Number of protein chains: 2
Amino acid sequence: MRTADPELHRQRRQQIVGAAVELFATKGLAKTTTAEICRAAGVSTGNLFHYFPSKLAIFYALFEVDRDEWDELFAATAADPDPWAGLMRVVDQLAADAAHPVLAGLLVEIFAQAHRDPECAALVAEGDQRMLRGITALVERLVADGRADPVVPPPDAARWVLTTTDAFHTRGYPEPDRDRTTEIAQAKRVIARLLGHPEGR
Amino acid sequence: MRTADPELHRQRRQQIVGAAVELFATKGLAKTTTAEICRAAGVSTGNLFHYFPSKLAIFYALFEVDRDEWDELFAATAADPDPWAGLMRVVDQLAADAAHPVLAGLLVEIFAQAHRDPECAALVAEGDQRMLRGITALVERLVADGRADPVVPPPDAARWVLTTTDAFHTRGYPEPDRDRTTEIAQAKRVIARLLGHPEGR
DNA sequence: GTCTATAGAGGGATAGAC
DNA sequence: GTCTATCCCTCTATAGAC
């Protein structure tokens, strides 16, 4: 008898998810057909449904990748003795994600889906809470060190940091004269001013 | 011969668009069928396509309503002798739109569509530019009056105002403990601080 | 008589089920 | 791989205004 190989299983799932990401981002969830995903991933229909029960399940699997990456980054910032540097690393990562065409397209698709699908909304909420916890911890350390004096309590301030980084996402249209570098620098100054950090003066 | 009636034409288009808005917002563009729109609007298939060449054309028509409303508001703020009061009216309007469940759902759908449809992206860009022009004018008046000292030039500051108001939008999941009133007050303080207006101190 | 508004059946394409 | 269902849109037809 043939036993299940967990490593192969994980690899096949990864292969399918990787192929689906690009399709979801460019065509949208509704307009992406399972047949296309099969073609892109190089698996048969039957095989695809062996690894995922539905098209939506593939979509939801995307969240796992994101979760693992952010857990890793926040662990690093927690270990960093300088909370401001850690916060700036978070900002840089968010900027990098927003500049990534596939990820950016995927995100708007995820928000649209979350607005009408409670399961997707729960996954988004979970990710958001994780982000907010991580950033709040950094802000609290800044306040404790006497290096910040935010207009609002740290949890709210953390939310404002996320709002600020939302500026990295275009509203769906390309802005040709966009300078990502100065944009990030501006965002950091804005955050500094919001948090009452010396760099915002 | 029978002549075209512009008023009837306008009315029928409005009727169709009005019915479609809700469907687009709740089900999404792709999952809304023209048959459903017909049923909701109380018109036949043939009639619907007499007024709009395609389903997408109905979607695009939504932008016209938005444009007219904002033109009106910005005309009012331009006439208002107090630019700060005008800016706060803009913020209030943006907050009201974000709190409106149908409009909020529609907006994420529009952004998702814009990410893969250049025509939609152009319409979004046009609306954005209009918003930025209006806000920039208000910021410039504040600076001229010596009532503001933004960290960045007025056009960039206007962009940051819009980014701040993005906080009003949910990320697609219900946030039960959300207090819209204090949220708006916070946003106004944040904007004041960004612009270097006295209320941000 | 000609053009507009409306209606609804069905074509052509395609997705998903079995 | 076949079969059914569905969807966007076209086409033809009718009623009535000018």
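Residue numbers start from 1 in every chain, and the chains themselves are labelled A, B, ... in the order their sequence lines are given, proteins ahead of strands. The basis for the numbers below is simple: all heavy atoms, side chains too, and nothing from hydrogens, waters or symmetry mates. Source: prediction; values computed, not measured.
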Output yes when at least one side-chain N/O atom of B:Asn47 is less than 4.0 Å from OP1 or OP2 of C:dA5, else no.
no
Could you state the atom-to-atom distance from CG of B:Asp5 to P of D:dA17 in whole Å?
12 Å
Student check: side-chain heavy atoms of A:Tyr173 and B:Leu123 closer than 4.5 Å:
no
Nearest whole angstrom, please: distance from the C1' of C:dT4 to the CZ of B:Arg10.
18 Å
Could you check whether any side-chain heavy atom of B:Gln186 comes within less than 4.5 Å of a side-chain heavy atom of B:Glu183, counting everything from C-beta outward?
no
Rounded to whole Å, CD of A:Glu36 lies from P of C:dT14 at a distance of 11 Å
Hey, which sits more toward the 5' end of DNA chain C by its nearest nucleotide, B:Leu8 or B:Gly46?
B:Leu8
Taking the nucleotide of DNA chain D with the closest heavy atom to each, which residue, B:Thr3 or B:Thr33, is nearer the 5' end?
B:Thr33
Let me know the distance between NZ of B:Lys27 and P of D:dT6, rounded to the nearest Å.
12 Å
Check the distance between C:dG8's C1' and B:His50's NE2 and give it to me in whole angstrom.
16 Å
Would you find a donor on one side and an acceptor on the other, under 3.5 Å apart, between the side chain of A:Arg193 and the backbone of B:Arg193?
yes
Heavy atoms under 4.0 Å, any strand shown: does A:Thr34 hit a base, just sugar-phosphate, or nothing?
sugar-phosphate
Indicate, with a heavy-atom threshold strictly under 4.0 Å, whether B:Thr45 touches base, sugar-phosphate, or nothing.
base
Winner on side-chain proximity to B:Lys55, out of C:dG16, C:dT6, D:dC8, is D:dC8
Classify the nucleic acid contact of A:Ser54 as base, sugar-phosphate or nothing, counting any heavy atom under 4.0 Å across all strands shown.
nothing
When you measure from the side chain of B:Lys55 to the backbone N and O of B:Leu29, does any donor-acceptor pair fall under 3.5 Å?
yes
Measure from CZ on B:Phe49 to P on D:dC7 and round the result to the nearest Å.
13 Å
How many Å lie between CG on B:Leu56 and P on D:dC7, as a whole number?
17 Å
Could you state the atom-to-atom distance from CG of B:Leu23 to C1' of D:dC8 in whole Å?
16 Å
Short side-chain to backbone donor-acceptor contact, B:Glu36 and B:Leu23, under 3.5 Å
no
What contact category does B:Tyr51 fall into here, base, sugar-phosphate, or nothing, at under 4.0 angstrom with non-hydrogen atoms?
sugar-phosphate
